[in-house]
Amino acid sequence: MDKDLTLSIIKPNAVRNKKIGKIISVFEESSLTIKKAKLTRLNKSQAEAFYKEHVDKPFFDELVGFMTSGPIMVLILEGANAVEENRRLMGATNPAEAEQGTIRSLYADSMTENAVHGSDSQKSAHSEIAFFFDE
Ligand code: GDP
């Protein structure tokens, strides 16, 4: 079995709402394995760098403000098709469109405060993991 990696972030609203355990349970009940995890916090320049591809979007400032509003938990998840599997577990970006039972359908508070981030390709997984971890 090929083991791919992906980066997950449990976003500030989910940490504030004490949903870390619930979200980790979703990962543990899936085919993915938690390889590394840490509770951390982004400052403004780090959040701007992490979301640099969205710099021209109307929601960019709100997103950076939200992502710096409190602690986050970042995790490296490992497993077959890790990127796709994590995105399936997360559900759609817009929680109103997220399939029932997905993390975002359960724990998102809004489009911005949508509980989790997940890498969208193996290439971004690689650079996002390097952003947070020494590997
Ligand atoms: P993701 O890969 O599903 O997280 O989605 P994107 O990479 O497109 O967007 C990054 C993050 O920006 C999302 O998870 C949301 O928190 C936020 N976001 C994306 N699109 C919108 C939008 O249209 N409105 C608002 N308010 N936030 C958005």
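Source: prediction; values computed, not measured. When a ligand or atom number is given, it counts from 1 through the structure's own listing order.
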- For Lys19, the salt bridge (charged side-chain N to carboxylate O under 4.0 Å, His left out) test, sequence neighbours excluded, returns none
- Message: Donor-acceptor check, side chain of Asn13 to backbone of Glu113, threshold 3.5 angstrom: yes or no?
- Response: yes
- Item | By side-chain contact (heavy atoms from CB on, under 4.5 Å) - contacts of Ser121 (at least two apart) | Lys123, Ser124
- Within 45° of the ring axis of Phe133 and under 6.0 Å from its six-membered ring centre, is that where the NZ or CZ of Lys38 lies? yes
- Message: Which residues pass the ring-ring contact (aromatic ring centres under 6.0 Å, His included) test with His54, not counting sequence neighbours?
- Response: Phe59
- Query: Under a 4.0 Å heavy-atom cut-off, which residues neighbour ligand 1?
  - Reply: Lys11, Tyr51, His54, Phe59, Leu63, Arg87, Thr93, Arg104, Met111, Thr112, Asn114
- Message: Are Tyr51 and Phe60, when compared by the centres of their aromatic rings, separated by less than 6.0 Å?
- Response: no
